[in-house]
Amino acid sequence: MSSVNCPGCGEPLDTRSRNVTCGHCQGRFRITALCPDCAEPLERLKACGAVDYFCNHCNSLISKSRVAFSASPE
Ligand SMILES: [Zn+2]
Ligand SMILES: [Zn+2]
């Protein structure tokens with residue numbers, strides 16, 4: 001599973017939710033899912049409790065293991 005590190009302290013952040021608070025430095029960040037192919041923001045689709053990601057630019061479904069996450073301060 002891909003992950004993203006806290007821009008403030010470098011600790012791994014939980015990418016399962018859209019907004020996270022770093023457990024280490026208490027910084028608050030917004031998690032953005034990016035397409036690994038074109039780097040466009042992905043649309044988050046929720047189905048049956050699972051989360052899928054769809055790239056409107058590539059017109060394809062991106063499996064979570066390939067998603068590139070980025071964290072930006074709120
Ligand atoms: Zn942190
Ligand atoms: Zn794409």
Side-chain angles (χ1 to χ4, degrees):
M1 193 177 99
S2 61
S3 61
V4 61
N5 292 333
C6 174
C9 68
E11 290 290 310
L13 295 174
D14 184 356
T15 56
R16 284 172 299 181
S17 48
R18 195 182 287 265
N19 296 289
V20 297
T21 300
C22 177
H24 192 74
C25 70
Q26 310 303 317
R28 291 169 58 80
F29 303 99
R30 191 162 50 87
I31 301 296
T32 309
L34 301 176
C35 177
D37 297 325
C38 68
E40 292 286 323
L42 297 176
E43 195 168 320
R44 184 187 290 243
L45 309 171
K46 264 212 165 124
C48 306
V51 180
D52 285 317
Y53 295 91
F54 186 81
C55 181
N56 287 311
H57 188 261
C58 302
N59 204 29
S60 65
L61 209 59
I62 310 292
S63 83
K64 193 174 193 301
S65 59
R66 294 187 64 230
V67 172
F69 290 102
S70 87
S72 52
E74 277 192 327

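Counting convention: from 1, in listed order, for ligands and their atoms alike.
- Judged purely by distance below 3.5 Å, without hydrogens or angles, the side chains of Asn56 and Glu40 never pair a donor atom with an acceptor atom.
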Verify side-chain contact (heavy atoms from CB on, under 4.5 Å) between Arg66 and Asp37, making sure each step is shown before the conclusion.
CA-CA 9 Å; Arg66 294 187 64 230; Asp37 297 325; 3.0 Å; yes
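- Around the Zn ion (ligand 2), the two atoms SG of Cys55 and SG of Cys38 are separated by an angle of 100°, to 10 degrees.
- With the Zn ion (ligand 1) as the vertex, atom SG of Cys9 and atom SG of Cys22 span an angle of 110° (nearest 10 degrees).
- Exactly one residue among Ile62, Val67, Leu34 makes a side chain to side chain contact (heavy atoms under 4.5 Å, CB included) with Cys55. That residue is Ile62.
- Within the 4.5 Å cutoff, the side chain of Val51 has no heavy atoms near those of the Ser17 side chain.
- Taking backbone and side-chain atoms together, His24 has no N/O/S atom less than 2.8 Å away from the Zn ion (ligand 1).
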